[in-house]
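All values below come from the heavy atoms of this structure, side chains included, with hydrogens, waters and symmetry mates left out. Small disclaimer: the values here were computed from a predicted structure and weren't measured. One-based numbering, in listed order, for ligands and for the atoms of each.
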Amino acid sequence: MTLNQLAEIIKSRSNIAILPHVNPDGDCIGSSFALQLALQKLQKDSIVIVEEDIPQVYSFLAGKYAKLNEIPSGLVFDTVICLDCGDERRLNDRLYLFESAQTTVNVDHHISNTKFAQFNYVDTYSSATGEIIYDLLSILGVTIDKDIAANLYVAISTDTGGFRYGNTTSRTHHIAAAFLDTGIDIAEINRRVFDTVSMARLKLVAQAINNIEFYEDGKIALIALSYELIQKMGITDEEGDGLSSLPRTIEGVEVGLLLKEKAPGEVKVSFRSNQYVDVSKVAASFGGGGHKRASGCTLNMDMMAAKKQILEAVKLAVIQGVEE
Ligand code: 5GP
Ligand code: MN
């Protein structure tokens, strides 16, 4: 499907639900809110439906949303648009909204996307889903106002690590320039998104640094946050996720891992690599996915077993990567 075709589908529908993936990040929140605000301008009935609360860090962004438990049972949307969501399992309990809709659309930039909808637009060249939404809004003729610009700026800046990662292109910067032209305060947005930490988070970082583990001559660095530690330190999911990029910043590390026991027997793994290991493949081998340099999966087992399996796979990927 082309973006023009997607624009035609949107124009012909009136009742649209936008579904970001579970455990939403800046790209999927920003993209979803931006699209919702645009649909509103086009007089469409639309809403973003999330499973969890919007992370505190993104609470300043504008957009109409509801939590799944606020949606009356039996409500059916004529169209659902999944954003930034690599496979339908990442819709979790909202899968029934997807399955009951007349038309289903999937807009994403993950290389591992399974093209699970009736209409799929997957562009792995885009640094963020936010870039695709920017193009879509141009085709739809929606003017980018400050609220839309702030959402898309957050989408793109978070997925590019503040325009630093290899997925950042000249196009990414051109698009960001259009957001700055609306007059948004990027210093304030960046302060909120990148330079604000809670005390609990800071204490967690201290603890995590003390307990970091190294394997394969320091090419793998791993932080494990047990359920017990998470409970004891009173940290939110969001605060735990923020640590995922830390291990790979250590000199000599190729793969950084964060293992977070969300509940007893449920371990969320974040993979980050620097130069040669394709972590989207490693995550996919555990039923997850993502990008070459950032990916994730969830394992239903205890921390010890999860650590063993993940390390086995990552060690192999590192050894093979070095040989390539
Ligand atoms: P994070 O480690 O920050 O949760 O995720 C890193 C990247 O991998 C993101 O692009 C995210 O969408 C993707 N990702 C994380 N967990 C999963 C998963 O369980 N399945 C898939 N398909 N992608 C994931
Ligand atoms: Mn994304």
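Salt bridge annotation for Arg90-Asp84: absent, with no cationic side-chain nitrogen under 4.0 angstrom from a carboxylate oxygen. By the 4.0 Å N-to-carboxylate-O rule, Lys67 lies too far from Glu70 to be salt-bridged with it. Ion pairing between Glu228 and Lys232 fails under the 4.0 Å rule for side-chain N and carboxylate O. Of the charged side-chain nitrogens involved, at least one lies within less than 4.0 Å of a carboxylate oxygen, so that Glu51 and Arg94 count as a salt-bridged pair. Between Lys146 and Asp181 there is no salt bridge, since no side-chain N of the basic residue sits under 4.0 Å from a carboxylate O of the acidic one.
Within the 4.0 Å heavy-atom cutoff, Arg89 does not count among the residues contacting ligand 1.
Applying the salt bridge (charged side-chain N to carboxylate O under 4.0 Å, His left out) test to Lys11 and every residue at least two apart in sequence or in another chain returns Glu8. Asp78 pairs by the side chain to side chain contact (heavy atoms under 4.5 Å, CB included) definition with Arg13, Ser14, Asn15, Gln102, not counting sequence neighbours.
By the 30° and 60° cut-offs, the orientation of the rings of His21 relative to His110 is perpendicular.
Each of the following atoms of ligand 1 lies closer than 4.0 Å to a heavy atom of His291: 10 (O). Distances below 4.0 Å separate heavy atoms of Gly290 from the following atoms of ligand 1: 8 (O), 13 (C), 23 (N).
Arg272 NH2, 2.8 Å is the protein heavy atom nearest to atom 3 (O) of ligand 1. Closest to atom 10 (O) of ligand 1 among all protein heavy atoms lies His110 NE2, 2.7 Å. Protein heavy atom in closest approach to atom 8 (O) of ligand 1: Ser295 CA, 3.2 Å. Annotation: atom 24 (C) of ligand 1 to nearest protein heavy atom, Gly289 O, 3.3 Å. Of the protein's non-hydrogen atoms, Lys268 NZ, 2.6 Å is the one closest to atom 4 (O) of ligand 1. The protein heavy-atom contact nearest to atom 22 (N) of ligand 1 is Asp87 OD2, 3.1 Å. Nearest protein heavy-atom contact of atom 2 (O) of ligand 1 is Ser270 OG, 2.6 Å. Scanning the protein for heavy atoms near atom 17 (C) of ligand 1, the closest one is Gly296 O, 3.2 Å.
For Lys281, the NZ atom is loosely surrounded, since the number of other residues' heavy atoms within 6.0 Å does not exceed 12.
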Verdict with supporting geometry, Leu136 and Tyr121, side chain to side chain contact (heavy atoms under 4.5 Å, CB included): CA-CA 11 Å; Leu136 178 64; Tyr121 185 83; over 6 Å; no

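Note on residues 154-185: pairs passing ring pair (Phe, Tyr, Trp, His ring centres under 6.0 Å), not counting sequence neighbours, are Tyr134-Phe179, Tyr153-Phe163, Phe163-His173.
Note on the Mn ion (ligand 2): protein N, O or S atoms under 2.8 Å away count 4, no waters included.
Between the CD1 atom in Ile54 and the CZ atom in Phe60 there is a gap of 12.0 Å [rounded to 0.5 Å].
For ligand 1, the polar-atom distance check against Asp25 finds no nitrogen or oxygen pair separated by under 3.5 Å.
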